[in-house]
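These notes concern the structure reproduced below.
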Amino acid sequence: MIRPVYLYDTLTRSKQVFQPLNAPRVTIYSCGPTVYKDIHIGNLRTFAMTDWLRRVLEYNGYTVYLVRNITDVGHLQNDTEESGEDKLEYEARVTGHSAYEIAERYTRQYEQDSTAINILPPHLAPKATEHIPEMIDMTSHLLERGLAYEANGNVYYAVRNFPAYGQLSGNTLASLQAGAGGRVQLEIAEDKRAAEDFALWKRGEANRQMNWASPWGTGFPGWHIECSAMATKYLGEQFDIHTGGVDLVFPHHEDEIAQSQGVSAKKPVQYWVHGEFINISSRLFHQNTEGEGDDEMKMSRSKGNVILLSHLQEWGFEPLAFRYSLLTAHYRSKMNFTRESLSAAQNALNNLRADLAELPVMLYDTDDPWSDESLRQRDAFHVAINDDMDLPVALSIAREVPRDQKITTGERRRLLLDFDRVLGLRLDTVEPRATRKFSDEVLALVKQRDQARAAKNWRESDSLRSQLQAMGLEVRDTPQGTELA
Ligand code: AMP
Ligand code: ZN
């Protein structure tokens, strides 16, 4: 059944009917991790959001192509002010490892944690350090078009020359200049012409490990240009969806539009999808600190108040219980992380698995028709996931399936596994609790029926089906022969 997919688009600030540029193909660019420290459960929430978006689109019959980059250079410690050291260079300096070793170590941790919560790997994971020529090329184009200027080996984007600036975040030039958007009050690099301008290329200091030659001297790229360069290279000047956490709306994604559109004069991204943050109560983090309030605070690596997937495992929870807990909140609502909510998710997941284990295994042809009640449930599930990914509702529909008396037990299992294509809880790994034993008499009838079917003796096979049904059994034809439940 074809149903429209609705997505909330940050640019238009409204739910839109999703229409890909080249259906059935859908192209998604997702900002990946800066690999300078451990990836935390907040980062994982944002990556899982994109995973669900991909699965929802695939459930709708689209063919998704997902690119998620690895930021291994150019992300400064203070990205709104564009000040401080490069995060990777800093980590390398204080740990005594090379910046490349740091990047490799945390890329591996990010991949392992993503796999542990069943995030499907992106089709492509390009690294910023492997795309310096593309970034230089794009910067040169922006210089040619009068949208950038060079000063002392640095190249800045001249924000004033791009009138559409600010549409995504609402930080228009006027509001920025009035100081409302933040930047104007911030530290101004000496050679910037205007406070709102941002770096495309930075002069390299001699003590940096990661420097490259460029037409403007030795240096390294600004953070934002990598995503414009890699998205254009792999998805073209225009692609369907761009995702990330809400903190990336400004300046990262605002600057990405200015760069990509500045070069191509086309709207690069058709739908902007941003996920909300995981917050954490300060009490949970500073359990032993006296006088701490119970305020919620943002979990972020720069603040150091992070919880990792490995912490949850040390507390005895499964990674998939964390995934389950993410399903209980809509991706555009803030989530306050607590141990209690994780514990509730672990219990709920255990119960769902136990319910599933009770349902008998039946083999189906993928094109076997669904019963009317299953069709109704599938429809409700489909409506929920297509409504801007309303996964909490979709999960509650799935939760009802094991007890739905209007559906045969075997079909309940099939329905849950169908829903799990989207939910991604690895329900297909749940072992049935017991294989049902059938009497010799029943098994003899099954054998007789399979022989009749092989001989295309339909009259006999139908009469044997009736006999088995009269014994209270469900009978299904599969490529493997007669299946019972
Ligand atoms: P970073 O490595 O800092 O660039 O972050 C990687 C992704 O995680 C980005 O899309 C961020 O927006 C997102 N992110 C960072 N902190 C959180 C958080 N506490 N909750 C949810 N997403 C986050
Ligand atoms: Zn990005």
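In listed order, ligands and their atoms are each counted from 1.
- We find that Arg323 and Glu318 are not joined by a salt bridge, their nearest charged nitrogen and carboxylate oxygen being 4.0 Å or further apart.
- Between Phe381 and Phe419, the angle of the ring planes stays under 30°, which puts this pair in the parallel group of the 30/60° scheme.
- The closest non-hydrogen atom to atom 9 (C) of ligand 1, taken over Leu248, Ile280, Val306, comes from Leu248.
- The nearest heavy-atom contact from the protein to atom 22 (N) of ligand 1 is Thr46 OG1, 2.6 Å.
- No N or O atom of Gly244 sits closer than 3.5 Å to an N or O atom of ligand 1.
- Scanning the protein heavy atoms around atom 20 (N) of ligand 1, the nearest turns out to be Ile278 N, 2.9 Å.
- Of the polar atoms of Asp247, at least one N or O is found under 3.5 Å from an N or O of ligand 1, judged by distance alone.
- Residue, atom and distance of the protein heavy atom nearest to atom 19 (N) of ligand 1 are Met299 O, 2.9 Å.
- Every atom of ligand 1 is numbered from 1 in the order shown, and the set under 4.0 Å from a heavy atom of Arg301 is 1 (P), 2 (O), 3 (O).
- Contact annotation: His224 places no N, O or S atom under 2.8 Å from the Zn ion (ligand 2).
- Atoms of ligand 1 lying under 4.0 Å from any heavy atom of Gly245, numbered from 1 in the order shown and given with element: 10 (O), 12 (O).
- Taking Arg54 as the reference, Glu58 meet the salt bridge (Lys or Arg N to Asp or Glu O under 4.0 Å) condition, with sequence neighbours excluded.
- For His40, every heavy-atom contact with ligand 1 shorter than 4.0 Å involves the side chain, none the backbone.
- In this structure, Phe47 has its ring center under 6.0 Å from that of Tyr110.
- Proximity of Thr34 to ligand 1, defined as any heavy-atom pair under 4.0 Å, is shared by backbone and side chain alike.
- Between Glu101 and Arg105, no side-chain nitrogen of the basic residue sits less than 4.0 Å from a carboxylate oxygen of the acidic one, so the salt-bridge criterion is not met.
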* Trace of the ring pair (Phe, Tyr, Trp, His ring centres under 6.0 Å) decision for Tyr234 with Tyr65 -> CA-CA 10 Å; Tyr234 296 111; Tyr65 187 74; 8.4 Å; no

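- Within 6.0 Å of OH in Tyr90 there are 12 or fewer heavy atoms belonging to other residues, nucleotides or ligands.
- For the Zn ion (ligand 2), the set of nearby N, O or S atoms under 2.8 Å includes none belonging to His253.
- The Zn ion (ligand 2) lies at the vertex of an angle of 110° between the SG atom of Cys227 and the NE2 atom of His252 (rounded to 10°).
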* **Check against ring pair (Phe, Tyr, Trp, His ring centres under 6.0 Å), His253 and His274** => CA-CA 10 Å; His253 291 163; His274 290 103; 5.0 Å; yes

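- Taking the six-membered ring where the residue is Trp, the centroids of Phe18 and Tyr271 are separated by under 6.0 Å.
- Glu196 has a carboxylate O that lies under 4.0 Å from a charged side-chain N of Arg160, or vice versa, which qualifies the two as a salt bridge.
- Shown in contact with Glu276 at under 4.0 Å from a heavy atom are these atoms of ligand 1, numbered in order with element: 21 (C).
- The N/O atoms of Gly42, backbone and side chain alike, include one that comes under 3.5 Å of an N/O atom in ligand 1.
- At the top of the distance list for atom 16 (N) of ligand 1, counting protein heavy atoms only, stands Phe277 CZ, 3.4 Å.
- Near Pro33, meaning under 4.0 Å from one of its heavy atoms, ligand 1 places the atoms 2 (O).
- Of the polar atoms of Asn43, at least one N or O is found under 3.5 Å from an N or O of ligand 1, judged by distance alone.
- For the pair Arg208 and Phe220, the distance from NZ or CZ to the six-membered ring centre is under 6.0 Å and the angle to the ring normal is within 45 degrees.
- For Arg332 and Asp388, the salt-bridge test passes: some basic side-chain N is under 4.0 Å from an acidic carboxylate O.
- Close N/O approach between Trp223 and ligand 1 is not found [any backbone or side-chain N/O within under 3.5 Å].
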